[in-house]
Amino acid sequence: MAKIKVSVNQDTCIACGVCYSLCPQVFEAGKDGKSQIVSQYRVGGNVTQGEVDESLKDCVESAKNSCPTFSITTS
Ligand code: SF4
């Protein structure tokens, strides 16, 4: 199954909680409430970089499209 790369920019994240409310399978609250990728899907030992199965695409996209600061990107 195809994989989707997900990235969170903690420099612009305002810790609003929308992404981890909408898609807790992939996002969680990190330090100071800023978003990070859940440990299961992290890559490269970086809490802001992840890779998920395409089955989670809708979940990730809803979070991405609802982020008020456009801090979530996919590729
Ligand atoms: S929705 Fe955006 S601003 Fe809000 S916690 Fe998630 S990444 Fe941060």
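All ligand and atom numbering here is 1-based and tracks the order in the structure.
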Under 2.8 Å from atom 8 (Fe) of ligand 1, is there an N/O/S atom belonging to Cys13?
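Yes - counting backbone and side chain alike, Cys13 has an N, O or S atom under 2.8 Å.
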For atom 6 (Fe) of ligand 1, find the nearest protein heavy atom and state the residue, atom name and distance (0.1 Å precision).
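I find the closest protein heavy atom is Cys19 SG, 2.3 Å.
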Asp58 atom CG, over 12 foreign heavy atoms within 6.0 Å:
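At most 12 heavy atoms, drawn from other residues, nucleotides or ligands, come within 6.0 Å of this atom.
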If we count only N and O atoms by modelled type, under 3.5 Å, do the side chains of Thr48 and Asn46 hold a donor and an acceptor together?
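There is such a pair (donor and acceptor under 3.5 Å, judged by atom type) between the side chains of Thr48 and Asn46.
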Lys5 and Glu54 ion-paired at < 4.0 Å:
no
Do any of the N, O or S atoms of Cys67 sit under 2.8 Å from atom 2 (Fe) of ligand 1?
yes
Looking at Cys67 and Cys16, are the sulfur gammas closer than 2.5 Å to each other?
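No; the two sulfurs sit 2.5 Å or more apart.
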For Ile14, which part has a heavy atom under 4.0 Å from ligand 1: side chain, backbone, both, or neither?
both
Considering Ala63, Gly30, Cys16, Gly17, which one's heavy-atom position lies nearest to atom 4 (Fe) of ligand 1?
Cys16
Grouping I, L, V, M, F, W and Y whenever their side-chain heavy atoms are under 4.5 Å apart, do Val6 and Val38 come out in a common cluster?
yes
